[in-house]
Amino acid sequence: MFLDRLVKLIGESNVEKIKEKNILIVGLGGVGGYTFESLVRSGVENITIIDKDKIDITNLNRQIVANLENIGKSKVMEYKKRALLINKDISVSALEMNLDESNIDSIEFNKFDYVVDACDTITTKKLIMEKCIQSNVKIISSMGMARKMDIEKLHITTLNKTNYDKIAKVLRHIVDKKVQNKVVVVTSEEEVSPIKELGSNSFVPSAAGLYIT
């Protein structure tokens, strides 16, 4: 069994509990892709993934699914294929779509145990947060990881307690305060120069994705 090492670490009953979890991941970039990978390798057998993007050559430096042979292919389908090569028993629902106000009601949030928000769009992040709180579903949301270089500055908190994070700052202005203190986030307190372009490395987004797991 591919989970033997995990069973030795946390026990068979806990591994069985992990298998039963139903998880939604919105966004499969540098953060969400590593969250997905870790969840698959931890034995989760029910995962829904949402992302409209195709794999681009610029993804090669930080996205675990990207390689020279799948440039231009659907991210969600490539991640589903990858998951089935790891665990033949996994069920992955791959939705190739941009989640927004026009279609968010098509997602039954209350059927999930956890929702991972790793998308880039501020308005969608707000919608996901509100839907999760309304549905009483646990959520963890990734804040801004571009231009960051220090993984030691990453930490987990709630949205209302974030600092030095531009995405979190915007969200604190548009998300209801009663929602903010219920939304768990992974964020970085690293201060970055405002003149830097939105570059990313391989290690900060991946570390954030593993923090989420």
Side-chain angles (χ1 to χ4, degrees), residues 17-18 21-39 42 44 46-53 93 95 97-148 150-192 198 200 204-213:
K17 290 177 183 177
I18 290 172
K21 298 303 179 185
N22 190 10
I23 297 177
L24 168 65
I25 303 176
V26 183
L28 290 167
V31 176
Y34 273 87
T35 301
F36 179 76
E37 179 87 4
S38 182
L39 291 173
S42 296
V44 177
N46 298 283
I47 306 178
T48 298
I49 50 178
I50 299 177
D51 198 306
K52 178 68 172 178
D53 290 348
S93 178
L95 305 179
M97 61 188 285
N98 281 325
L99 195 63
D100 56 30
E101 191 171 3
S102 70
N103 56 25
I104 196 164
D105 286 335
S106 67
I107 306 300
E108 297 178 61
F109 282 87
N110 58 7
K111 77 177 185 180
F112 298 104
D113 296 297
Y114 296 91
V115 171
V116 175
D117 158 37
C119 73
D120 297 324
T121 308
I122 296 290
T123 52
T124 300
K125 296 179 94 65
K126 176 179 182 289
L127 288 170
I128 294 170
M129 291 175 185
E130 291 172 345
K131 287 291 184 180
C132 286
I133 299 307
Q134 290 169 11
S135 303
N136 197 30
V137 175
K138 294 177 181 177
I139 176 176
I140 182 162
S141 179
S142 173
M143 298 293 99
M145 298 302 152
R147 297 185 293 170
K148 307 292 186 177
D150 187 354
I151 63 173
E152 292 186 357
K153 297 293 186 181
L154 291 171
H155 71 116
I156 293 175
T157 185
T158 49
L159 179 59
N160 60 311
K161 294 179 180 179
T162 51
N163 294 296
Y164 306 113
D165 190 312
K166 289 189 175 182
I167 288 180
K169 183 178 181 180
V170 174
L171 285 165
R172 290 199 311 272
H173 280 88
I174 64 174
V175 175
D176 190 290
K177 292 187 184 300
K178 293 180 181 178
V179 173
Q180 290 184 33
N181 62 10
K182 297 178 182 178
V183 175
V184 177
V185 301
V186 57
T187 183
S188 171
E189 292 189 344
E190 180 180 354
E191 296 184 64
V192 296
L198 283 179
S200 297
V204 172
S206 59
L210 295 176
Y211 265 51
I212 288 174
T213 308

Give a yes or no on whether the backbone of [Y] and the side-chain of [X] come within a donor-acceptor separation of less than 3.5 Å.
X      : Y      : value
Gln180 : Val175 : yes
Asp165 : Thr187 : no
Ser38  : Thr35  : no
Ser188 : Glu190 : yes
Lys21  : Asp113 : no
Asn103 : Asn98  : yes

Mind checking whether Met143 and Leu159 have side chains closer than 4.5 Å, heavy atoms only? yes
Is any side-chain heavy atom of Val192 closer than 4.5 Å to one of Lys166? no
Give me the atom names and distance for the closest heavy-atom approach of [X] to [Y].
X      : Y      : answer
Cys132 : Phe109 : SG-CD2, 3.9 Å
Gly27  : Ala118 : O-CB, 3.6 Å
Asn181 : Asn160 : CA-OD1, 3.3 Å
Ile128 : Cys119 : CD1-SG, 4.3 Å
Thr162 : Ala168 : OG1-CB, 3.3 Å
Ala146 : Ser200 : CA-OG, 3.8 Å

Separation of [Y] [atom2] from [X] [atom1] (nearest 0.5 Å):
X      : Y      : atom1 : atom2 : value
Glu189 : Tyr164 : CD    : OH    : 7.5 Å
Glu37  : Leu210 : CD    : CG    : 9.5 Å
Thr124 : Met129 : OG1   : CE    : 11.0 Å
Leu24  : Ile50  : CG    : CD1   : 5.0 Å
Glu130 : Asp176 : CD    : CG    : 8.0 Å
Asn22  : Thr48  : CG    : OG1   : 5.5 Å

Salt bridge (charged side-chain N to carboxylate O under 4.0 Å, His left out) with Lys125: of Asp120, Asp100, Asp117, only one passes, and it is Asp117
Test side-chain contact (heavy atoms from CB on, under 4.5 Å) applied to Lys148 and Leu154, step by step: CA-CA 10 Å; Lys148 307 292 186 177; Leu154 291 171; over 6 Å; no
Check whether more than 12 heavy atoms from other residues, nucleotides or ligands sit under 6.0 Å from atom CD1 of Ile151, and answer yes or no. no
List the steps and the verdict of side-chain contact (heavy atoms from CB on, under 4.5 Å) for Ile156 and Tyr211. CA-CA 8 Å; Ile156 293 175; Tyr211 265 51; 4.1 Å; yes
As a quick check of understanding, evaluate side-chain contact (heavy atoms from CB on, under 4.5 Å) for Asn136 and Asn110, giving each step before the final call. CA-CA 7 Å; Asn136 197 30; Asn110 58 7; over 6 Å; no
